[in-house]
Amino acid sequence: MPIRLYNTLSAKIEDLNPIDANRIRMYACGPTVYDYGHIGNFRTFIAVDLLYRFLLQSGYDVRYVMNITDVDDRILSNAARDGVTVQQYTAKYTQAFLEDSATLNVAPPALVRATDHIQEMAEFIAGLVQKGFAYRTDDGSYYFRIAKFPDYGKLSKKDFAGMTDGARVDVDEYEKDSARDFALWKAPKPGEASWDTPIGPGRPGWHIECSVMSMEELGPSFDLHAGGEDLIFPHHENEIAQSESLSGQQFARHWFHARFLLVEGQKMSKSLGNFYTLRDLVLKGHKPSSIRWLLTQVPYRNQLNFTFDGLNAAASSVEKLRNFRFRLTSSQFPAGSNAAIAQLATESAERVTAALSDDLNTAEAQGAIFDMLRKSNTALDAGEVHQEDALSLLAALDRFDAIFAVLKDDDQPKMKAILDWAKAEGRADISPQLEELAGSAQLADDQINQKLADMEAARKARNFKLSDTLRAELTNAGIIVENTKEGVRWRRK
RNA sequence: GGCGCGGUAGCCAAGUGGUAAGGCAGAGGUCUGCAAAACCUCUAUUCGUCGGUUCGAUUCCGACCCGCGCCUCCA
């Protein structure tokens with residue numbers, strides 16, 4: 001089954017057709033590390049992560065590169081303001097980004113940093129100058145000459161042909177031939193970091209890093225380029241212009257853009273008070289798995305309305321999935337198999353794959369897995385699931401989770417780490433819920449098991465008062481005890 | 001203004017030219033010492049509004065209303 005994806009360049013859903021049959025080379029625009037990542041950032045990164053994981057599952061040999069933008073105007077001016085080096089300033093947020101990605105189970109791509117490629121950028125720009133696509137202004141900045149690239153606008157569907165501009169739009173800006181020409185290289189600003197290169201001192205423009213690093217890592221022409229929808233213009237449009245001008249070849253063949261999310265029905269913004277970093281949400285007591293699930297619920301091209309109600313609903317959904325897996329792995333089944341269940345497992349896995357192949361329709365895929373869940377639970381209740389069936393269902397579930405990555409119950413240590421960070425930072429907004437969830441491992445497993453044994457003994461003796469007391473103690477420690485026909489079992493809240 | 005996306009149950013959200021997936025929440029029931037989990041039943045005669053095409057439209061077309069995005073550095 002071909003994987004179909006919407007391609008911003010053609011504005012159509014197309015079969016993904018890699019240059020090399022079995023290999024995908026993809027590049028994603030990563031974060032600018034000047035602050036902690038917010039949930040909008042992670043919506044995009046998770047969307048790309050789902051794509052990456054699905055390509056791997058589909059058998060492709062995927063080379064996935066993401067950049068870290070560790071040089072831009074904000075970074076340089078903030079570093080100067082704080083009296084630290086650019087490296088010092090960005091190290092903290094780069095680290096935070098890596099931690100947050102891990103918290104959200106984002107599979108790590110190969111990372112490249114802009115500041116490690118300054119010389120290559122200078123060479124790239126020199127090449128553009130040589131070919132007549134770029135020019136230097138009196139102050140030592142370099143600009144790309146859009147008039148030389150007739151395809152300019154092909155990604156963002158903008159028509160610049162009829163547009164003539166007067167002198168300069170912004171008199172504070174450096175001089176350039178046309179208002180639309182964009183900076184490849186900016187002359188140094190007094191008091192801020194700059195780099196010495198063969199084209200002179202200065203700092204790179206925003207777009208050049210991605211052209212340089214993607215082409216260096218993946219070749220002048222590669223399969224897939226991803227990012228948030230805001231990057232379509234100007235960032236990706238400019239990348240195309242630079243890259244194709246220099247190489248004379250098509251740059252990325254397929255462009256994948258994730259749509260922005262809304263928060264409580266409105267665009268996320270600091271002024272509206274609905275701006276959340278990942279850490280903000282965890283501090284409120286929300287599990288990373290709930291956040292990841294909510295961010296995967298709406299297909300990447302649709303607007304996703306991120307709400308706290310939705311987050312709580314997501315937590316319930318994840319718990320339901322985990323309960324199901326728990327049931328499959330902790331129950332005893334009769335030997336043999338049941339053809340109907342085997343078929344259910346197979347069909348469900350196929351439905352998931354078909355949904356994801358259809359432009360990464362995550363909602364459809366999740367619907368399929370919940371159908372399997374309900375039917376399986378019904379069969380489990382009826383005792384119709386045999387050993388081999390349980391394994392088949394488990395395989396289908398884990399295949400699903402190889403993409404969605406929410407089943408592993410590791411929220412608690414992640415939340416504990418963020419709690420520790422928040423305390424070290426002196427954050428005042430640590431919720432009691434986080435304290436409770438992060439601390440739920442205060443009881444060691446053997447302590448839990450001892451209490452469970454005591455509780456079971458009390459229940460056998462029909463000493464329900466003692467039994468209830470012990471259950472309450474465990475509940476307070478974040479342990480949920482389940483008494484089933486097959487005996488007692490427990491899990492963390 | 002230009003270009004683009006969307007409006008589906010209390011909330012979130014798929015989807016199809018042939019009569020509405022899934023999740024959450026809610027109600028009732030089964031199971032159960034309690035609890036938890038799970039299952040069953042119920043909850044949109046209807047898919048922003050108004051027209052049109054069609055045997056038939058939520059799905060196609062048009063208009064209108066509403067929300068959202070991009071239009072130079074926000075994922």
Side-chain angles (χ1 to χ4, degrees), chain A residues 8 11 28-32 37-48 69 72-74 153 156-160 163 169-170 173 179-183 205-207 226-235 237-238 257-262 265-270 275 293-294 297-299 301-307 309-321 323-324 326-327 351 355 358 361-371 373-382 459 462-465 467-468 471-472 474-475 480-485 488-491:
Chain A
T8 309
C29 285
T32 302
H38 57 70
I39 51 174
N41 298 123
F42 286 109
R43 195 232 175 155
T44 297
F45 298 140
I46 286 175
V48 180
T69 299
D72 88 326
D73 286 357
R74 276 168 310 197
S156 54
K157 317 291 178 246
K158 293 181 191 302
D159 182 9
F160 295 98
M163 259 179 209
V169 259
D170 186 346
E173 272 297 331
R180 288 278 169 187
D181 288 355
F182 59 88
W206 175 33
H207 321 293
E229 63 167 335
D230 60 314
L231 299 181
I232 295 170
F233 190 87
H235 186 53
E237 194 72 69
N238 291 351
H257 292 104
R259 187 134 192 223
F260 270 18
L261 51 68
L262 300 178
Q266 290 184 290
K267 183 170 179 175
M268 181 168 71
S269 75
K270 286 181 177 164
F275 182 95
W293 184 259
L294 180 53
Q297 269 190 294
V298 181
R301 283 204 298 131
N302 292 355
Q303 207 164 49
L304 180 156
N305 187 10
F306 191 102
T307 66
D309 283 349
L311 205 45
N312 293 327
S316 299
S317 296
V318 170
E319 199 177 335
K320 188 169 183 170
L321 289 165
N323 285 339
F324 177 61
F326 185 62
R327 188 175 188 184
R351 277 181 66 192
D358 180 17
N361 190 337
T362 47
E364 185 78 30
Q366 293 177 354
I369 215 68
F370 275 107
D371 274 341
L373 218 73
R374 194 188 57 255
K375 288 174 181 162
S376 300
N377 274 322
T378 304
L380 283 160
D381 283 354
R459 290 183 70 232
R462 303 195 70 77
N463 182 351
F464 293 125
K465 189 160 186 211
S467 157
D468 288 347
R471 183 191 293 281
L474 287 163
T475 303
I480 294 168
V481 180
E482 296 184 10
N483 299 93
T484 71
K485 280 174 286 205
V488 64
R489 58 193 185 192
W490 64 272
R491 59 195 166 87

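First the proteins, then the strands, lettered A, B, ... as listed; each starts at 1. Values below: all heavy atoms of this structure, side chains included; hydrogens, waters and symmetry mates excluded.
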*N361(A) near the nucleic acid: base, sugar-phosphate alone, or nothing, with a heavy-atom cut-off under 4.0 Å?*
sugar-phosphate

*asked:* Taking C64(B) as the reference, what is the distance to G22(B) when you measure between their P atoms (whole Å, please)?
replied: 37 Å

Close N or O pairs between protein and nucleotides 2-5 of chain B (under 3.5 Å):
residue, atom, partner, partner atom, Å
C5(B), O2', R259(A), NH1, 2.9

_With H207(A) via ring-ring contact (aromatic ring centres under 6.0 Å, His included) - residues at least two apart_ = F182(A), H235(A)

*With sequence neighbours left out, what residues match T44(A) under side-chain hydrogen bond (donor to acceptor under 3.5 Å, both in side chains)?*
none

_Salt bridge or not between K465(A) and D468(A)? Use side-chain N to carboxylate O under 4.0 Å._
no

_Sub-4.5 Å side-chain heavy-atom contact between L294(A) and Q297(A)_ = yes

*Spacing of R259(A) atom CZ and N302(A) atom CG [to the nearest 0.5 Å]*: 7.5 Å

*Within the modelled atom types, does a donor on one side and an acceptor on the other bring the side chain of R462(A) and the base of G33(B) under 3.5 Å apart?*
no

*Looking only at heavy atoms, which two atoms of H257(A) and R301(A) are closest? And how far apart?*
O-CG, 4.2 Å

*Kindly indicate whether the side chain of L231(A), heavy atoms from C-beta on, has any atom under 4.5 Å from the side chain of C29(A).*
yes

_From CD of E319(A) over to C1' of A37(B), roughly how many Å is that when rounded to an integer?_
9 Å

*Tell whether D468(A) reaches the base of G33(B) with its side chain through a donor-acceptor pair below 3.5 angstrom.*
yes

*Please check the phosphate of C39(B) (OP1 and OP2 only) for any side-chain N or O of N377(A) closer than 4.0 Å.*
yes

*P atom, C47(B) versus C39(B): distance in rounded Å?*
31 Å

*Once Watson-Crick and G-U wobble pairs under 3.5 Å are found, how is RNA chain B written in dot-bracket notation, 5' to 3', with | for any base paired to another strand?*
(((((((..(((.....[...))).(((((.......))))).....(((((..]....))))))))))))....

_Using heavy-atom distances to pick each residue's nearest nucleotide on RNA chain B, tell me which of L261(A) and N483(A) is more 5'._
N483(A)

_Candidate nucleotides C70(B), A38(B), A35(B), ranked by approach to the side chain of R327(A) - the nearest_ = A38(B)

Which atom pairs link the protein and nucleotides 20-29 of chain B when you take only N or O atoms and keep those under 3.5 Å?
residue, atom, partner, partner atom, Å
G23(B), O2', S317(A), OG, 2.1

*asked:* What's the closest nucleotide to the side chain of V298(A) if the choices are A13(B), C74(B), C39(B)?
replied: A13(B)

*Taking only N and O in the side chain of T378(A), is any of them less than 4.0 Å away from OP1 or OP2 of C40(B)?*
yes

*Looking only at N and O atoms, is any donor in the side chain of R43(A) or the base of A75(B) less than 3.5 Å from an acceptor on the other one?*
no

Show me the donor-acceptor pairs within less than 3.5 Å that the side chains of residues 313-320 of chain A make with the rest of the protein, sequence neighbours left out.
residue, atom, partner, partner atom, Å
S316(A), OG, N312(A), O, 3.4
S317(A), OG, A313(A), O, 3.2
E319(A), OE2, R491(A), NH1, 3.1

*asked:* Given A75(B), G33(B), A13(B), identify the nucleotide with an atom nearest to the side chain of S467(A).
replied: G33(B)

*Any side-chain N or O of R74(A) under 4.0 Å from OP1/OP2 of C74(B)?*
yes

*Spell out, as yes or no, whether a donor-acceptor pair under 3.5 Å connects the side chain of N305(A) to the backbone of G265(A).*
yes

*Side chain of F464(A) only, please: which of A36(B), G33(B), G69(B) is the nearest?*
G33(B)

